[in-house]
Peer 1: 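Attaching a single structure in structure tokens format; questions to follow.
Reminder, nothing fancy here: chain letters follow the sequence lines and each chain counts from 1.
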Amino acid sequence: MLTRKIELLVGLFLLSALAAFLVLVFKVANVDVKVSDDTYTLYAKFSNIGGLKVRSPVKVGGVVVGRVSHIELDPKSLMPIVTLTMDERYHQFTDTSSVAILTSGLLGEQFLGLTPGFEDDDTSILANGDRIDDTHSALVLEDLIGQFLYSMSSKDK
Amino acid sequence: MVRGLGRAGLMLWGAIFIAPRPSKGVPLLIKQLYVIGVQSMIIVLVSGLFIGMVLALQGYTILVDFGTEDSLGPMVALSLLRELGPVVTALLFAGRAGSALTAELGLMKSTEQLSSLEMMAVDPLRQIIAPRFWAGVISMPLLAVMFVAVGVYGGYLVGVEWKGIDDGSFWSILQAQVEWRQDIVNCLIKSVAFAVVVTWIALYRGYYAVPNPEGISRATTQTVVQSSLAVLALDFVLTAMMFAS
Amino acid sequence: MTLAQDSLVEIHNLGFSRGQHVIYDDISLSIPRGKVTAIMGPSGIGKTTLLKLIAGQLTPDHGQVLFDGHDIHKINRKQLYQLRKRMSMLFQSGALFTDMNVFDNVAFALREHSGLDEVIIRRIVLMKLEAVGLRGAAQLMPSELSGGMQRRAALARAIALEPDMVMYDEPFAGQDPIAMGVLVKLIRDLSSALNLTSVVVSHDVEEVMSIADYVYVVADRKVIAHGTPAQLKQSDNQQLQQFLLGEPDGPVPFHYPAMDYQKELIG
């Protein structure tokens, strides 16, 4: 019957839309299905964050272990403070760990590189709300070139 | 102009909010989903595929000069999600379904089918306008999503299969750049907004068409012109709101 | 003008205009219950408009339309829709819904309003189709029917809800002699069989005179004559006689008003 054919085709239409939507969600946006509420928060103070943005990844050896959730300027020291939301599964970094603002490739996105510190009797594991003291600010290309030119000209003399 | 807007508003109000009837409305809605959605699918899918492929081809020739052809994936996907998907789908939809809606309603008016519904004590807004409006609003976002998915696939075909970009890096860079809320949700919001505008204009033009062949053909042209302009203008406003910060 | 006592529809001093163009000045007429009333007049004087005014699809500038005592243009939408279930209209084009077959067209109003079981609806529809001789065409689409058959199918649809009154808008226009004869017979038979009040709007003089019980002739924005067909034929009103006999020139001139012919030619 005609109406049954129409119903079938409309059903097919809706299904293919659903399929297309799923492709977008999982293949294109790669949404993490697991909404992990298990996170803990760390802070880090930099002198210059360069092009770091909210949602930039925090990586250890290339593996994403957290994301930047907030960036603000400390009103006293006038230095940027970055809030890191870390995955609870990776909760064994010592307070001797360091973070650096790195760039993927020459012109790519900037991210936070975390280097795990050594462990001995004096060290403790970083807990929720702790601050990472050992930070390396972003390399700003213009500053580098300026320094390079300056050192060149001072050598010449 | 102002009076026209008022009439269009009252028409929509009467169709959507006054006495909806789920039991009788659903079969009518399914019928219109078929006419408006399913029958627009072919043109949307084919256009999506080709636009994705052309985007990839053009993008590749530019990006390869900078050695950044790996960024082809996000370039294609973001162009499609943020702009081309909703906008081109809306324009195609206005041409395919919008003009058909206007012509159909104009014809119903000129053959006195609308009057005769009224004489049978059936509100034509409820019987004719409401299912068409909802079918349009439901169909277009779905069509836009299909358009983007097929377009990304078209980009993949050109970039990876033809130009030889690495399969893994195509997808991984793409996935790193596309964001769920910023891009996909905004794509859907845009296409819903466009759907409302295009369907509304098409229905209004048809319902108030001058009931003779000349009037219907003029109404159909007006539908396509006005809804295309409205979509492009609205796109600018929405883009400014969504991506301004 | 004296109005008949037992009338279903009464129109008092009705005026209607479209923009600057006055269509009706001051029209009064009454439509007796259970009779065939004809409204005749030359083309382009808004006979269809009059039917739409009676049905409440258009609102007049002044005057009132009473349907069984209710002022059509004073009552609210819901009451109007209730009254519309008691009247129906046969449109000039038939106005069948082009996306349904003949059966569904006839069943449409029943499914909308009667709340009857589908089995009973099927029986009623087949009975109505049998009455107009189209039971065999139930599964055809309107586009597959000839013009005359479309009008008959539309008639079956119009009487599906058993209304008190049916309004026929130019039922004979553009029909071949056989289809015309069929329609004349149907209108007359259905009117007497269902005790319908019929209003026929037409300019086909002969057919109308043969079925109407009472005739109103409308021209120049008002009623120029009324009476039984026999009375009208006796009338010495020149304008009426020109219309009834179809003379090319008379009170209604052959020429559209223009400046003097000789002057315009020679300048």
Peer 1: Is the backbone N or O of Ser115(B) less than 3.5 Å from a side-chain atom of Gln57(C), with the two atoms forming a donor-acceptor pair by type?
Peer 2: yes
Peer 1: Ser198(C): which residues meet the side chain to side chain donor-acceptor pair (under 3.5 Å) condition with it, sequence neighbours left out?
Peer 2: Ser191(C)
Peer 1: Which answer fits Gln92(C), side chain, backbone, both or neither, if we ask what part of it has an atom under 4.5 Å from a heavy atom of chain B?
Peer 2: both
Peer 1: Who in residues 99-109 of chain C is close to chain B, using a strict under-4.5 Å heavy-atom cut-off?
Peer 2: Asp99(C), Phe108(C), Ala109(C)
Peer 1: Please identify, among Met89(C), Lys52(C), His113(C), Lys85(C), the residue contributing the most non-hydrogen atom pairs under 4.5 Å to chain B.
Peer 2: His113(C)
Peer 1: More than 12 foreign heavy atoms under 6.0 Å from CZ of Arg33(C): is that the case here?
Peer 2: yes
Peer 1: Please round to the nearest 0.5 Å and tell me the distance separating atom CG of Leu96(C) and atom OG1 of Thr111(B).
Peer 2: 9.5 Å
Peer 1: Can you check side-chain contact (heavy atoms from CB on, under 4.5 Å) on Met120(B) and Glu112(C), steps first, answer last?
Peer 2: CA-CA 9 Å; Met120(B) 284 192 238; Glu112(C) 281 293 323; over 6 Å; no
Peer 1: Please name the pair of heavy atoms, one in Ala121(B) and one in Tyr81(C), separated by the smallest distance, quoted to 0.1 Å.
Peer 2: CB-O, 3.3 Å
Peer 1: In sequence, state the C-alpha distance, the side-chain angles, and the governing distance for Phe91(C) and Gln113(B), and then conclude on side-chain contact (heavy atoms from CB on, under 4.5 Å).
Peer 2: CA-CA 9 Å; Phe91(C) 288 89; Gln113(B) 291 182 49; over 6 Å; no
Peer 1: Of the non-hydrogen atoms in Ala95(C) and Ser116(B), which two are nearest, and what is the gap between them?
Peer 2: O-OG, 3.7 Å
Peer 1: Under 4.5 Å, heavy atom to heavy atom, which residues of residues 154-170 of chain C contact chain B?
Peer 2: Arg157(C), Met167(C), Asp169(C)
Peer 1: Mind jotting down which residue pairs meet the ring pair (Phe, Tyr, Trp, His ring centres under 6.0 Å) criterion with at least one end in residues 188-232 of chain B? Sequence neighbours excluded, please.
Peer 2: Tyr204(B)-Tyr208(B)
Peer 1: Quick check on Arg122(C): does its CZ atom have over 12 non-hydrogen neighbours (other residues, nucleotides or ligands) under 6.0 Å away?
Peer 2: no
Peer 1: Quick check for you: to the nearest 0.5 Å, what is the distance between Leu90(C) atom CG and Met119(B) atom CE?
Peer 2: 11.0 Å
Peer 1: Would the number of heavy atoms belonging to other residues, nucleotides or ligands and lying under 6.0 Å from CD of Glu118(C) be above 12?
Peer 2: yes
Peer 1: Is it the case that over 12 heavy atoms from other parts of the model lie below 6.0 angstrom from the CZ atom of Arg123(C)?
Peer 2: no
